Amino acid sequence: MQESSFYRNLKVRGCSDLFLQGELFHSALESIFLSEEMAVKEKSEDGVISGYLSSVEHVLEDISEVKALESGVHHETLQYLGLVDCVAKYRGQLCVIDWKTSEKPKPFLKNTYDNPLQVAAYIGAINHDTNYDFQVRCGLIVVAYKNGSPAHPHFMDPDLCSQYWNKWLLRLEEYMDRN
């Protein structure tokens with residue numbers, strides 16, 4: 001099976017701390033959604049991720065009905081796979097939610113670079129993966145900040161997801177042609 005460029009390991013010098021912080025942040029969010037909220041808050045008060053957790057507090061209030069966390073997805077027809085951070089309702093709309101950490105503000109969706117393509121790819125995979133008994137039409141990219149400033153949630157409605165899905169298909173085709 002071919003693996004898309006999103007899922008190849010990147011080895012970038014000096015970034016291991018950032019990757020570790022991202023992993024810790026994801027683990028803490030997973031614990032929060034699994035009702036271990038108090039334990040996580042107590043553990044992370046002095047930790048490296050407390051700023052990130054403070055950053056997303058206002059977004060977490062709008063999230064409900066979590067259906068999947070850190071869940072593998074596979075689009076058998078198009079031969080790609082990935083690991084979805086979260087599938088839950090955001091303000092009543094079922095979304096693929098991608099949590100990102102950043103030290104720089106990313107107030108606009110365009111500041112998230114290829115992240116919307118990744119969300120669209122996850123949506124496509126979930127919707128074609130027989131392990132999931134639901135369909136997703138929306139996406140949400142949440143950019144959390146180390147300094148605790150309010151996270152930027154970037155909601156992707158069905159039309160926008162469809163546009164990025166088409167871009168993803170082109171990107172995937174280019175990747176498959178090269179490999």
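These figures come from a predicted structure and were not determined experimentally.
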Between the main-chain N or O of Pro158 and the side-chain N or O of Ser162, is there a donor-acceptor pair closer than 3.5 Å?
no
Locate the shortest heavy-atom distance separating Lys106 from His154; write the atom from each residue and the value.
O-NE2, 2.8 Å
Minimum heavy-atom separation for Leu117 and Lys167, please, with both atom names.
CD2-CB, 3.5 Å
Output the distance between atom CG (Asn131) and atom OG (Ser71), rounded to the nearest 0.5 Å.
8.0 Å
Check against side-chain contact (heavy atoms from CB on, under 4.5 Å), Trp99 and Val56:
CA-CA 9 Å; Trp99 303 100; Val56 298; 4.1 Å; yes
To the nearest 0.5 Å, tell me how far Ser27 OG sits from Ile32 CD1.
11.0 Å
Using 0.5 Å steps for rounding, measure from the CG atom of Asn147 to the OH atom of Tyr52.
9.0 Å
Taking CD in Glu76 as the centre, count heavy atoms belonging to other residues, nucleotides or ligands within less than 6.0 Å. Is the count above 12?
no
Rounded to the nearest 0.5 Å, what separates atom CD1 in Ile123 from atom SG in Cys95?
7.5 Å
Look at the rings of Tyr145 and His152 and say which category their plane angle falls in: under 30° parallel, 30 to 60° tilted, over 60° perpendicular.
perpendicular
Looking only at atom types and distance, does a side-chain atom of Asn179 sit under 3.5 Å from a main-chain N or O of Tyr175, one as donor and one as acceptor?
yes
Please assess Phe155 against Leu160 for the test side-chain contact (heavy atoms from CB on, under 4.5 Å), listing each intermediate value before the final yes or no.
CA-CA 9 Å; Phe155 179 73; Leu160 191 56; over 6 Å; no
Quick check: closest heavy atoms across Pro153 and Leu140, and the distance to 0.1 Å?
CB-CD1, 4.0 Å
Can you give me the closest heavy-atom contact between Ala121 and Trp165, atom names plus distance?
CA-CZ3, 4.2 Å
In Å, rounded to the nearest 0.5 Å, how long is the span from NE2 of His74 to NE2 of His128?
12.0 Å
Nearest atoms (heavy-atom pairs only) where Cys86 meets Ala88
SG-CB, 3.9 Å
Just say parallel, tilted or perpendicular for the rings of Trp168 and Tyr80, cut-offs at 30° and 60°.
perpendicular
For a 4.5 angstrom cut-off between non-hydrogen side-chain atoms, does Leu83 reach Glu70?
yes
Would Leu29 and Leu69 count as a side-chain contact (heavy atoms from CB on, under 4.5 Å) if you check the C-alpha gap in whole Å, the side-chain angles of each, and the deciding distance to 0.1 Å?
CA-CA 9 Å; Leu29 287 169; Leu69 290 169; over 6 Å; no
Looking only at non-hydrogen atoms, find the nearest pair between Cys161 and Gly139 and report the distance.
SG-N, 3.5 Å
Contact check, side chains of Arg171 and Asp114, non-hydrogen atoms, under 4.5 Å:
yes
Would you please test Leu169 and Glu173 for side-chain contact (heavy atoms from CB on, under 4.5 Å) and show each step?
CA-CA 6 Å; Leu169 291 176; Glu173 185 178 15; over 6 Å; no
In the single-linkage hydrophobic clustering (I, L, V, M, F, W, Y; side-chain heavy atoms under 4.5 Å), do Phe134 and Val73 co-cluster?
yes
Lys100 atom NZ: more than 12 heavy-atom contacts under 6.0 Å:
yes
Out of Asp85, Ile97, Leu109, which residue meets the side chain to side chain contact (heavy atoms under 4.5 Å, CB included) rule with Ile141?
Leu109
Taking atom CZ of Arg91 and atom CD of Glu61, what is their separation to the nearest 0.5 Å?
10.0 Å
